[in-house]
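First listed ligand is number 1; within each ligand, the first listed atom is number 1.
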Amino acid sequence: MLAACSSYGDDGSDTEATTASTPATTETTTGTTADATPAGTELGPTSDVPVGGGKIFPTEKVVVTQPTAGTFQGFSAVCTHQGCTVSSVKSGEIICNCHQSHFSAADGSVVSGPAKTALPSKTVTVSGDAIYLA
Ligand code: FES
């Protein structure tokens, strides 16, 4: 008796249809390197920020100072007077050359100049020998 012949040849290749929609977006969480590094933007090595001085990161609009060895402070680099990016850090002061406002490199407060408001602080963290902007 060969009664079952008619059901052969109907197993086709439809079983792979579900694999056609493999998502191509496997890394859409964050654009930063996410291994052991903290969240945030890497600004640069701590060695770029001298003790008693600071470094301005114009792209990120942040200034990082190191008032005492091992203590890093972050401030907005946007002058609170009229919005220039601050120009330099000298002698414990953050200086805006637009109209000569001076801010404390320790806490961002106004030392002198037309600016009336302190530079807002920014959270910076140090991991290894690199500084990150949170
Ligand atoms: S914008 Fe900085 S001192 Fe005027």
Side-chain angles (χ1 to χ4, degrees):
M1 304 257 282
L2 300 169
C5 284
S6 63
S7 66
Y8 280 102
D10 200 21
D11 60 346
S13 56
D14 288 343
T15 51
E16 290 186 43
T18 53
T19 59
S21 60
T22 339
T25 52
T26 48
E27 292 184 44
T28 38
T29 49
T30 57
T32 53
T33 50
D35 285 324
T37 55
T41 305
E42 182 173 348
L43 295 172
T46 54
S47 57
D48 277 2
V49 181
V51 177
K55 181 174 168 69
I56 295 158
F57 299 90
T59 304
E60 293 81 5
K61 297 204 178 306
V62 64
V63 52
V64 178
T65 63
Q66 190 179 183
T68 56
T71 302
F72 294 88
Q73 305 278 2
F75 303 100
S76 166
V78 180
C79 180
T80 57
H81 178 227
Q82 286 183 4
C84 288
T85 299
V86 296
S87 316
S88 59
V89 183
K90 282 192 198 108
S91 306
E93 295 182 354
I94 301 164
I95 300 159
C96 177
N97 278 344
C98 280
H99 313 95
Q100 293 301 310
S101 285
H102 290 223
F103 303 88
S104 165
D107 62 11
S109 62
V110 176
V111 175
S112 64
K116 300 259 188 275
T117 309
L119 294 174
S121 61
K122 297 274 187 181
T123 303
V124 294
T125 56
V126 173
S127 177
D129 59 1
I131 303 168
Y132 293 83
L133 175 66

Restricting to under 2.8 Å, identify the protein N, O or S atoms around atom 4 (Fe) of ligand 1 as residue plus atom.
H81 ND1, H99 ND1

ILVMFWY cluster, V89 and V49 together (side-chain gap under 4.5 Å):
no

C98/C84 sulfur gamma separation below 2.5 Å
yes

Are the side chain of T123 and the backbone of A134 linked by a donor-acceptor contact shorter than 3.5 Å?
no

Side-chain donor/acceptor of S76 to backbone N/O of V78, under 3.5 Å
yes

Determine whether V63 and I131 fall in the same hydrophobic cluster, where Ile, Leu, Val, Met, Phe, Trp and Tyr are linked whenever their side-chain heavy atoms lie under 4.5 Å apart.
no

Distance-minimising heavy-atom pair for Q73 and V124
C-CG2, 3.9 Å

